[in-house]
Amino acid sequence: MTKTLDHLKQVEQAIEVFKAASDTNSLYLPVNYIMSLGGKRMRPVLLLMSNEMFGGQPGDAMPQAMGIEVFHNFTLLHDDIMDDAPIRRGQVTVHEKWDTNSAILSGDVMMVQANEFMCKCDGHVLAEVLDIFNQTAKAVCEGQQHDMDFESRNDVSVDEYIHMITLKTSVLVAGAMRIGAVIAEASDSDKDNVYEFGKNLGIAFQIQDDILDVYGDEAKFGKQVGGDIISNKKTLLLLSALNMAEGEDKSNLEAALAQTDFDSAQKVNSVKNLFTQIGVRKVAEERMNRYYNIALEHLEALQISEEAKEPIREIAALLMQREN
Ligand code: IPE
Ligand code: IPE
Ligand code: MG
Ligand code: MG
Ligand code: MG
């Protein structure tokens, strides 16, 4: 745990430096706001841990860790507009505190700031780092588009869902870890395995996010519970319910999805009750654990000492038990 906490402290310090260097233009107020709200910082911490696991020196990959965290926070500003989300990390979302235009524009500049951070590395790894980052950033946008498209479809398959969350969420975790490995000049097979570790952990992470969106404690989760139900998000819970429901449960579920004018709290309550009755939470948890175990297999496959892998194994286990 001490390793993780060290890295977390370093990331928080770098964020303070980033905020202090901010221009006075009001464009940066939402940037500093979202970056100040905390969050788990898991992507930069995993990037730094991956770098160190392959022999990188402390600080070597900090600009890229910052780049990934700024990019992640940019996606949150835009995601919260798209999802009409009122709360993020227990506080008012940027588009509600300011307005939608501010959240769009501050998000845009964060994408550029993320790029600036990414470029701050040794010339011999620059092209590879930027290539991973650009591929990742495109994938996130593609995943977000699928996520929106799926809202109005009721025939989404579980495979399509897994593909969607791989793009919107897991490639960023995977890409972050691969960038850490590239900066440490890890071998090709280690780079591939650490990427697959991050990808499968990221899939498990998003399945868990979907579970917490229904069953989480809003005070701990820091986001509106039930938001996915309100907007007919095709989460694994909903897809499993659609696949497993029979008789009256099925028609009630379909009726809930078809509603256009409804009371949000009532819809959340009735769909949540149907989920519980049909027993979809267990199905989702089993699938989440499957991806977590695949991630661990890729960690096993790394050609480095078991001791070097241990901090990542610990943080992965902690993430699977999270409440926020
Ligand atoms: C939120 O990511 C977006 C998802 C991919 C579910 P996190 O759960 O990592 O958010 P913070 O940064 O810790 O707030
Ligand atoms: C996360 O999806 C994907 C990105 C932010 C790119 P969600 O929409 O589930 O994330 P939260 O739950 O709002 O954090
Ligand atoms: Mg969202
Ligand atoms: Mg979303
Ligand atoms: Mg979510």
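Start at 1 and go down the list; that is how both ligands and their atoms are numbered. FYI, side chains are in, hydrogens and waters are out, and symmetry mates aren't considered; it's all heavy atoms of this structure.
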Might you work through the salt bridge (Lys or Arg N to Asp or Glu O under 4.0 Å) test for E12 and K9, ending with a clear yes or no?
CA-CA 5 Å; E12 293 296 351; K9 221 157 77 192; over 6 Å; no

Which of the atoms in ligand 2, numbered in the order shown and given with their element, are less than 4.0 Å from a heavy-atom of R88?
11 (P), 13 (O), 14 (O)

Can you confirm, on distance only, whether ligand 2 has an N/O atom lying under 3.5 Å from any N/O atom belonging to K168?
yes

Could you check atom 11 (P) of ligand 2 against the protein and tell me its nearest heavy-atom contact, residue, atom and distance included?
K223 NZ, 3.3 Å

Can you tell me the N, O or S atom of D79 that's nearest the Mg ion (ligand 3)?
OD2

I'd like to know if the side chain of S22 and the backbone of F18 have a donor-acceptor N/O pair within less than 3.5 Å.
no

Does the K234 side chain pair with the main chain of E151, one donor and one acceptor, at a distance under 3.5 Å?
yes

Closest approach of A181 and S50, non-hydrogen atoms and distance?
N-OG, 3.5 Å

Residue and atom name of the nearest protein heavy atom (relative to atom 8 (O) of ligand 2), distance in Å to one decimal
D83 OD2, 2.8 Å

Atom 9 (O) of ligand 2: the protein heavy-atom neighbour that sits closest, reported with distance to 0.1 Å
D209 OD2, 3.1 Å

Could you check atom 1 (C) of ligand 2 against the protein and tell me its nearest heavy-atom contact, residue, atom and distance included?
Q206 OE1, 3.9 Å

Based purely on interatomic distance, does D79 place a nitrogen or oxygen under 3.5 Å from a nitrogen or oxygen of ligand 2?
yes

Between N243 and V158, is the side chain to side chain contact (heavy atoms under 4.5 Å, CB included) condition met? List the steps.
CA-CA 10 Å; N243 287 335; V158 171; 4.2 Å; yes

Which atom of D83 approaches the Mg ion (ligand 3) most closely (N/O/S)
OD2

Among all the protein's non-hydrogen atoms, which is closest to atom 4 (C) of ligand 2, and how far away is it?
Q144 NE2, 3.8 Å

Scanning both residues in full, the closest heavy-atom pair of Q144 with D79 reads NE2-OD1, 3.0 Å

Dump the intermediate steps for salt bridge (Lys or Arg N to Asp or Glu O under 4.0 Å) on E286 and K282, then the final yes or no.
CA-CA 6 Å; E286 277 165 9; K282 196 162 158 274; 3.4 Å; yes

